[in-house]
Novice: 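This is the structure I want to talk about, given as C-alpha cells.
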Amino acid sequence: MPRTPAKIFRGRVADQIVEDLRAQILSGTLPDGSRLPAERELAAYYDVSGPTVREAIRVLTAMGLVNTRNGSRATVTAQGDTLLAVSIASVVQFEKVGAREVFGLLGALNAYAAELAAEHASDEEVHRLREAAQAIPATEGVERSAAALQHFFGTLSDISHNPLLAALSRFITEMQLGLAVKLSGGDGGDWGRVSDTLHAERMRIVGAIASRDARHAASVVRDYHRLVVERITSARKDGENTASDAGLTEALTAWLRSNVTLGGQVPSRDNKW
C-alpha cells in the first residue's frame, strides 16, 4: 500500500474502498496470498471508520477476492479460475440458464479449443493429450474416472493456447462432469455408460488434432459432445429418469449451490464428484 493517504470523495465510501482494493488485487499490486493491512491501518489510510473498512472487506470476501478467518487479517485469494467459476455460476442461476444450453456452450468451446490445438499445439502437447485420453479407461471408480476426464479436457483447452478459452472450458467441464456423476448414481449407476463407451471417440479427437486438420477436429468434438449429452440425459439414478429439461436444470443448480459458494471458495476437485 502506498504511504500517501487515499482521497475518498463524496458518495458511498465503502464502495470506493472496494474499487480501490479490487484494482490493486487485479493489477497484482496486492498478489494472491498476500495479506491486506490491518483494519486500523486501512482506516487511517482511507481516513474512514473501522466499520466502513469492515464493510468493504465483507464485499471483497463475497466477491471471492479475499478471505478472512478467525478474525485475522484478510488474505488475497484472487485466482482466475475461482473468480470465473463464481461469475458463471451466478449467471447460470440468475438467468435460469438450462443445462442443455450449458452443454451446448461447452461443446462449442471445446470444438474451438480442438481447432486451435490442431493449428498451434506442439507435437509434445499432442502427445500429452493422447496420454491423457489413454489413461481414462484404466481408472477405477467414478471419482478417479471423472478426474481423468477432467484432465483430458483440461489438457485439450490448455494446448489451445487461449487462456480465456481454457478457463471457461475448465469450469464448464467440471459442471458437466459433476452433473453426469450426480445423475448416473455413482459407482453403482450408469456412469460407465456415460464415460467408458466413448473412449474411441476421445481417441478420434486426438487423431484429428494430430493430423492438423482443424475443421475435422472441431467436427469430431461436436459429435462427441452430442453423444455425451445423449448419455447424460438418459442416465437414471435410483430408477428415476432425469432426462427432462427441468430435471436436468434442477440437478445442475443443485450442483452449483453445493460446489460454488458466495465467498468464492470452490471446493477442491476431490470433493466435487
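Since we're looking at a predicted model, the values are computed, not measured. Numbers here simply count residues along the sequence, with the first being 1.
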Novice: Do Leu65 and Val59 share a hydrophobic cluster, counting only Ile, Leu, Val, Met, Phe, Trp and Tyr and linking them when any side-chain heavy atoms are less than 4.5 Å apart?
Specialist: yes
Novice: Roughly how far, to the nearest 0.5 Å, is the NE2 atom of His225 from the CG atom of Leu198?
Specialist: 10.5 Å
Novice: For a quick check under 3.5 Å, do Tyr46 and Asp20 share a side-chain donor-acceptor pair by atom type?
Specialist: yes
Novice: Applying salt bridge (Lys or Arg N to Asp or Glu O under 4.0 Å), can you list everything that pairs with Arg130, at least two apart in sequence or on another chain?
Specialist: none
Novice: Return the CG to CD distance between Leu252 and Gln93, rounded to the nearest 0.5 Å.
Specialist: 8.0 Å
Novice: According to a 4.5 Å side-chain heavy-atom criterion applied to Ile, Leu, Val, Met, Phe, Trp and Tyr, with indirect links allowed, do Leu164 and Met175 form part of one hydrophobic cluster?
Specialist: yes
Novice: Would you mind reporting whether His161 and Leu116 have side-chain heavy atoms less than 4.5 Å apart?
Specialist: no
Novice: Tell me if the CD atom of Glu250 is crowded by more than 12 foreign heavy atoms within 6.0 Å.
Specialist: no
Novice: Please name all residues satisfying salt bridge (Lys or Arg N to Asp or Glu O under 4.0 Å) with Arg204, sequence neighbours left out, ordered by chain then number.
Specialist: Glu201
Novice: Taking everything shown except Tyr112 itself, do over 12 heavy atoms lie less than 6.0 Å from its OH?
Specialist: no
Novice: Any idea which heavy atoms bring Thr173 and Leu106 closest together, and the distance?
Specialist: OG1-CD1, 3.4 Å
Novice: Give the minimum heavy-atom separation between Thr75 and Gly33, together with the two atoms involved.
Specialist: CG2-O, 3.7 Å
Novice: Nearest 0.5 Å, please: how far is CG in Leu60 from CE in Met63?
Specialist: 6.5 Å
Novice: Can you tell me how far the OG atom of Ser145 sits from the CD atom of Gln150, to the nearest 0.5 Å?
Specialist: 12.0 Å
Novice: Quick one: pull up CD1 in Ile159 and CD in Glu124 and give me the separation to the nearest 0.5 Å.
Specialist: 11.0 Å
Novice: Looking at every heavy atom in both Ala78 and Asp32, which two are closest together, and how far apart are they?
Specialist: N-OD1, 3.5 Å
Novice: Return all side-chain donor-acceptor pairs below 3.5 angstrom for residues 51-58, not counting sequence neighbours, or 'none' if the list is empty.
Specialist:
residue : atom : partner : partner atom : Å
Thr52   : OG1  : Ser49   : OG           : 3.1
Arg54   : NH1  : Glu39   : OE1          : 3.2
Arg54   : NH1  : Glu39   : OE2          : 2.6
Glu55   : OE2  : Arg12   : NH2          : 2.1

Novice: For a 4.5 angstrom cut-off between non-hydrogen side-chain atoms, does Val92 reach Thr253?
Specialist: no
Novice: Counting C-beta onward and ignoring hydrogens, is there a side-chain heavy-atom pair between Phe153 and Leu156 closer than 4.5 Å?
Specialist: yes
Novice: Sorted by first residue and then second, give each salt bridge (Lys or Arg N to Asp or Glu O under 4.0 Å) pair with at least one member in residues 149-165; sequence neighbours left out.
Specialist: Asp158-Arg170
Novice: Is the shortest side-chain N to carboxylate O distance from Arg128 to Glu131 below 4.0 Å?
Specialist: no
Novice: May I have all residue pairs that pass salt bridge (Lys or Arg N to Asp or Glu O under 4.0 Å) and include part of residues 110-123, sequence neighbours excluded?
Specialist: Asp123-Arg212
Novice: Please tell me if the side chains of Leu105 and Ile172 come closer than 4.5 Å, counting only heavy atoms from C-beta onward.
Specialist: yes
Novice: Write down the atom of Tyr224, the atom of Leu149, and the distance for their closest heavy-atom approach.
Specialist: OH-CD2, 4.2 Å
Novice: I need the minimum non-hydrogen distance between His199 and Ala133, along with the two atoms involved.
Specialist: CE1-O, 3.5 Å
Novice: Hydrophobic cluster membership, with links at side-chain heavy-atom distances under 4.5 Å among I/L/V/M/F/W/Y: are Phe94 and Leu168 in one?
Specialist: no
Novice: Rounded to the nearest 0.5 Å, what separation is found between the CG atom of Asn67 and the CZ atom of Arg73?
Specialist: 14.5 Å
Novice: Could you check if a side-chain atom of His151 sits within less than 4.5 angstrom of a side-chain atom of Thr155, using non-hydrogen atoms only?
Specialist: yes
Novice: Keeping the roles fixed (side chain from Thr249, backbone from Ala99), state whether a donor-acceptor pair exists under 3.5 Å.
Specialist: yes
Novice: Identify, with sequence neighbours excluded, every residue that meets salt bridge (Lys or Arg N to Asp or Glu O under 4.0 Å) alongside Glu125.
Specialist: none
Novice: Are any of the side-chain heavy atoms of Glu174 and Asn259 separated by less than 4.5 Å?
Specialist: no
Novice: Measure from the side-chain N and O atoms of Ser160 to the backbone N and O of Ser157, and report whether any donor-acceptor pair falls under 3.5 Å.
Specialist: yes
Novice: For His127, is the NE2 atom crowded, meaning more than 12 foreign heavy atoms sit under 6.0 Å from it?
Specialist: no
Novice: Indicate yes or no: at least one non-hydrogen side-chain atom of Ile88 is less than 4.5 angstrom from one of Phe171.
Specialist: yes
Novice: Tell me the closest heavy-atom pair linking Lys182 and Ala254, and the distance in Å.
Specialist: CE-CB, 4.2 Å
Novice: Counting only N and O atoms by type, is there a donor-acceptor contact under 3.5 Å from the side chain of Ser219 to the main-chain atoms of Arg215?
Specialist: no
Novice: Do Leu227 and Met203 land in one hydrophobic cluster if side-chain heavy atoms of ILVMFWY residues count as linked below 4.5 Å?
Specialist: no
